[in-house]
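Below is one structure; the comments refer to it alone.
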Amino acid sequence: MNKQFNTIVGSYVNEDEDIYLIIEQDKVEEAVKDLIRIGLDNVKGYATPEQLQEFSEKGGELFTTETIDFEKAEEYLATGEANLLDVRKKSEFDEGHHPEAMNIAHTRLLERLDEVPNDKPIMVHCKSGARASAASAMLERADYAVKYIDDMVEPWLEKNNWTTAEAN
């Protein structure tokens, strides 16, 4: 529940989908109001992070996403084991990106899902990891094999000299 909440939910959830929130108890009312404001009023329930943890501790199965850094991403790219998806805005992508990266902004991902290759796992990254986290979850919901890159992109781009000049 942050300033990106409405943007991400509005980009990834269709109006007829059921919505279940994992959220702190004191944020539920605010979240529901925010969703209604953007036309998403199909909230069916919620659980707190603590309740989710308790569910897991009692043997409930939770889905986990493989989390990697850019060093590991390079290994996968070198062996051709995965594709790379950069979910930053085009303007950010144009400032520097990996030569093998495909770019689809996280807010456009659902409408452009058919462009995302599914022949092998897709590694998802953004600037700091926040947008990539949401995009990874949405892709997994659409049955993609995902490797979430939880790492800062700028040091990686600088280290490899993938600046504006090399990117264009």
Side-chain angles (χ1 to χ4, degrees), residues 1-23 27 31 34-35 37-40 42 49 62-168:
M1 187 67 199
N2 60 26
K3 65 181 182 174
Q4 289 286 316
F5 178 72
N6 286 351
T7 301
I8 290 172
V9 177
S11 297
Y12 293 170
V13 177
N14 294 313
E15 63 185 40
D16 59 341
E17 287 184 80
D18 292 343
I19 300 170
Y20 295 89
L21 302 170
I22 305 299
I23 191 166
K27 298 286 187 183
D34 282 356
L35 292 172
R37 285 186 188 113
I38 62 169
L40 298 173
N42 216 10
L62 299 179
F63 185 86
T64 58
T65 301
E66 182 179 352
T67 302
I68 62 174
D69 58 16
F70 280 114
E71 185 175 324
K72 187 68 175 174
E74 280 293 337
E75 292 175 24
Y76 284 123
L77 287 171
T79 60
E81 293 179 53
N83 295 310
L84 182 62
L85 176 64
D86 185 331
V87 295
R88 296 177 296 156
K89 297 183 292 185
K90 184 178 181 329
S91 60
E92 293 173 283
F93 183 80
D94 289 346
E95 290 174 6
H97 60 270
H98 188 283
E100 294 180 47
M102 112 177 275
N103 176 236
I104 301 175
H106 77 292
T107 55
R108 303 289 179 245
L109 192 53
L110 184 61
E111 65 195 45
R112 295 180 58 192
L113 199 54
D114 60 334
E115 297 174 40
V116 179
N118 61 5
D119 58 325
K120 50 191 162 186
I122 187 89
M123 298 181 295
V124 184
H125 85 85
C126 63
K127 182 176 179 178
S128 67
R131 293 173 282 181
S133 174
S136 293
M138 192 278 294
L139 286 165
E140 287 172 328
R141 193 178 76 192
D143 291 327
Y144 282 80
V146 174
K147 298 178 185 305
Y148 161 58
I149 302 174
D150 187 14
D151 205 350
M152 299 293 289
V153 73
E154 289 165 348
W156 179 61
L157 294 174
E158 290 170 9
K159 173 183 153 197
N160 292 291
N161 293 318
W162 291 318
T163 60
T164 303
E166 290 81 12
N168 293 325

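Just so you know, these numbers use all the heavy atoms, side chains as well, and skip hydrogens, waters and symmetry mates. Please read these numbers as outputs of a predicted model, since none were measured by experiment.
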* To do: Kindly say whether Ala132 contributes a backbone atom to a donor-acceptor pair with the side chain of Ser136 at under 3.5 angstrom?
  => yes
* Asked: According to the interplanar angle, ranging from 0 to 90°, do the rings of Trp156 and His125 count as parallel (below 30°), tilted (30 to 60°) or perpendicular (above 60°)?
  -> perpendicular
* Can you tell me if Tyr144 uses its side chain to pair, donor with acceptor, with the backbone of Ala137 under 3.5 Å? -> no
* Structure fact -> Quick note, salt bridge (Lys or Arg N to Asp or Glu O under 4.0 Å) partners involving residues 75-88, not counting sequence neighbours, are Lys72-Glu75, Asp86-Arg88
* Asked: Which pairs with one or both residues in residues 100-111 pass side chain to side chain donor-acceptor pair (under 3.5 Å), sequence neighbours excluded?
  -> none
* For the pair Asn14 (side chain) and Asp16 (backbone), establish whether a donor and an acceptor sit closer than 3.5 Å, ignoring hydrogens and angles. => no
* To do: Not counting sequence neighbours, which residues clear side chain to side chain donor-acceptor pair (under 3.5 Å) with Asn83? List them please.
  => Asp119
* To do: Taking salt bridge (Lys or Arg N to Asp or Glu O under 4.0 Å) as the test, write out the residues that go with Lys147, two or more places apart.
  => Glu66
* Asked: Does anything in residues 121-137 pair up under salt bridge (Lys or Arg N to Asp or Glu O under 4.0 Å), and if so which pairs, sequence neighbours excluded?
  -> Glu92-Arg131, Lys127-Glu154
* Asked: With distance as the sole test, does Asn160 use its side chain to make a donor-acceptor pair with the main-chain N or O of Trp162 at under 3.5 Å?
  -> no
* Only counting residues at least two apart or in another chain, list the ones meeting side chain to side chain contact (heavy atoms under 4.5 Å, CB included) with Ala130. => Ser128
* With sequence neighbours excluded, tell me which residues meet salt bridge (Lys or Arg N to Asp or Glu O under 4.0 Å) with Glu15. => none
* For Val13 against Arg141, the heavy-atom pair lying closest together -> CG2-NH1, 4.3 Å
* **For Glu74, salt bridge (Lys or Arg N to Asp or Glu O under 4.0 Å) partners two or more places apart** => none
* Tell me, please, which residues at least two apart from Asp18 pass side chain to side chain donor-acceptor pair (under 3.5 Å). => Asn42
* Rounded to the nearest 0.5 Å, what's the gap from CG on Leu84 to CD1 on Ile149? Could you check? => 5.5 Å
* Under the side chain to side chain donor-acceptor pair (under 3.5 Å) test, which residues partner Asp143, sequence neighbours left out? -> none
* **side chain to side chain donor-acceptor pair (under 3.5 Å) partners of Arg37, counting only residues at least two apart** => Asp34
* To do: State which residues pass salt bridge (Lys or Arg N to Asp or Glu O under 4.0 Å) with Lys90; sequence neighbours excluded, sorted by chain then number.
  => Asp94
* Straight-line distance of Ile122 CD1 to Leu139 CG, nearest 0.5 Å -> 7.0 Å
